[in-house]
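Notes follow once the structure below has been shown.
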Amino acid sequence: MSRTVLVVGGGGREHALVRALARSPERPRILCAGGNAGIARDAELIPLNLDDVRGVAALAPALGVDLVVVGPEAPLVAGICDALRAAGVRAFGPSAAAARLEGSKAFAKEVMEAAGVPTARSVTVTDLDAGLAAVASLGLPVAIKADGLAAGKGVVVATTEAQAREALQACLVDAAFGAAGRVVVVEEGMTGPEVSLLAITDGRAVARFPAARDYKPIGEGNTGPNTGGMGSVSPVPDIPDALADELVDAVHRPVIAEMERRGTPFQGVLYAGIMMTPDGPRVLEFNTRFGDPETQALLPRLEDDALDLLTSAAAGGLADGPVRVNDGAAVAVVLAAHGYPGTPRQGDVISGLDAAAETGAEVYHAGTTFGEGGAVVTAGGRVLAVSARGDSVADARARAYAAADLITFDGRQMRGDIASGMDDTTT
Ligand code: AMP
Ligand code: GLY
């Protein structure tokens, strides 16, 4: 009998996970807690409240699931995997103690220091005066980071003292991020290209993906406010596999060893956001989950059986070494709703979904739902990610845009420069 997998979360990342799991030759039964109009076609949607970590864990045994794969950070930090394991359910994802690597930037800094992992100089503060003193000692530009989860909005890179003061004040005085901003990491400003390096681990063995890059600002040329990510590409031509291996040895392995040493082993995906500075690589942040939208460009390239890969990480016995991916590249282009990254307008009717899929591209749904008469309508900031593979970055890019251009809805926002201008050495 084939296994049953429950994917937790309902965005583009989870749609990509559902599709990757569905490719397993075993043809697993796939359930999804959360979901959207696209996932509804590929998995059985289970109405569960993801904020209710204990409730989800209590229901999982009754669903007969062999593996739970958790997408978003909030339930991880809230301890969903601990609750699942306590209920006897196998889960792919870190414990709450290990998810602190994402849930607290100050904790991540402390672990990096203990593990000898290269990162920017920083000072952790809890009041405005100490924050201003840290800015004075580190100099400008300076990054002001809310310690806790802030949905990608908790970091300001300040180029003036006034901006730094404003960002510190927002966190420490005005409580703009609530408890997540009561502690602030003040970090020296750095420059250089960024890379997202994701690796699966069972707590010891490490299986990295090829390098990926996301495009965070809403506007072309990386202008305007940050979003959750407007597109992604893999591989990154300036991060060849040999360099990715070196980065995993310098970053992921020591952190994973340090977490084991502390008695809080890390199991799941460790995602390092790394800046390639003139002084060498420096870790910007850890995420303790698959990146969104990096996953939409990584999983279409995966040649390993995703079900086996994630199960062996969750159960122990993961094979060390890079995951197997196909040659070439993948590019994912995000289509966002009117108003995003502010309050997105909902309910705009989406057309062209089938035509886009017929090109061979993957059309991953994020913020979509069913409107009147069964039409698929917008229901969130990031609405869709259209991902295509190609022989090279340029080829994948052309295919992704050709498919994305077939999809229309009122107020659609799309960056036209995802994966452009890369020195494309993939072929
Ligand atoms: P983070 O959530 O820590 O990855 O920060 C979000 C974004 O802010 C990063 O992707 C960088 O573009 C930028 N950033 C973070 N830390 C720094 C830093 N120390 N210097 C320059 N830019 C930074
Ligand atoms: N793409 C950035 C993130 O998933 O946080």
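For the numbers below, each heavy atom of this structure counts, side chains included, while hydrogens, waters and symmetry mates do not. Since the model is a prediction, treat every value here as computed from it, not as a measurement. Whatever order the structure lists ligands and atoms in, that order sets their numbers, starting from 1.
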Quiz item: Using 4.0 Å as the upper bound for N to carboxylate O, is an ion pair formed by Asp241 and Arg208?
Solution: yes
Quiz item: When you measure from the side chain of Asn36 to the backbone N and O of Gly10, does any donor-acceptor pair fall under 3.5 Å?
Solution: yes
Quiz item: Is Gln296 touching ligand 2 with its side chain, its backbone, both, or neither, if touching means heavy atoms under 4.0 Å apart?
Solution: neither
Quiz item: Is Arg100 positioned over the aromatic face of Phe107, cation under 6.0 angstrom from the ring centre and no more than 45 degrees off axis?
Solution: yes
Practice problem: Anything with a heavy atom under 4.0 Å from ligand 1 counts, so go ahead and list those protein residues by chain and number. | Solution: Lys105, Ala143, Lys145, Val155, Val157, Glu187, Glu188, Gly189, Met190, Glu194, Lys216, Met275, Leu284, Glu285
Self-check item: Ser104/Asp147 under side chain to side chain donor-acceptor pair (under 3.5 Å): CA gap, chis, key distance, verdict
Solution: CA-CA 5 Å; Ser104 166; Asp147 180 58; 2.9 Å; yes
Practice problem: Check whether more than 12 heavy atoms from other residues, nucleotides or ligands sit under 6.0 Å from atom CZ of Arg23, and answer yes or no. | Solution: yes
Quiz item: Under a 4.0 Å N-O cut-off, is there an ion pair linking Glu187 with Lys109?
Solution: yes
Quiz item: Against heavy atoms of Gly291, which atoms of ligand 2 measure under 4.0 Å?
Solution: 4 (O)
Self-check item: Side-chain ion pair, Glu258 and Arg262, N-O less than 4.0 Å
Solution: yes
Quiz item: Taking distance alone, with no angle check, do Glu285 and ligand 2 share an N/O pair under 3.5 Å?
Solution: no
Self-check item: ligand 2 atoms in contact with Arg289 (distance to a heavy atom under 4.0 Å)
Solution: 3 (C), 4 (O), 5 (O)
Quiz item: Looking only at heavy atoms of Tyr271, does any of them come nearer than 4.0 Å to an atom of ligand 2?
Solution: yes
Quiz item: Considering only heavy atoms of Asp214, which atoms of ligand 2 have at least one such atom less than 4.0 Å away?
Solution: 1 (N), 2 (C)
Quiz item: Can you list the steps and then say if Ile144 with Val135 is a side-chain contact (heavy atoms from CB on, under 4.5 Å)?
Solution: CA-CA 9 Å; Ile144 309 290; Val135 171; 4.1 Å; yes
Quiz prompt | Any donor-acceptor pair under 3.5 Å from Glu188 side chain to Arg121 backbone | solution = yes
Quiz item: Just heavy atoms, cut-off under 4.0 Å: does Arg13 contact ligand 2 by side chain, backbone, both, or neither?
Solution: neither
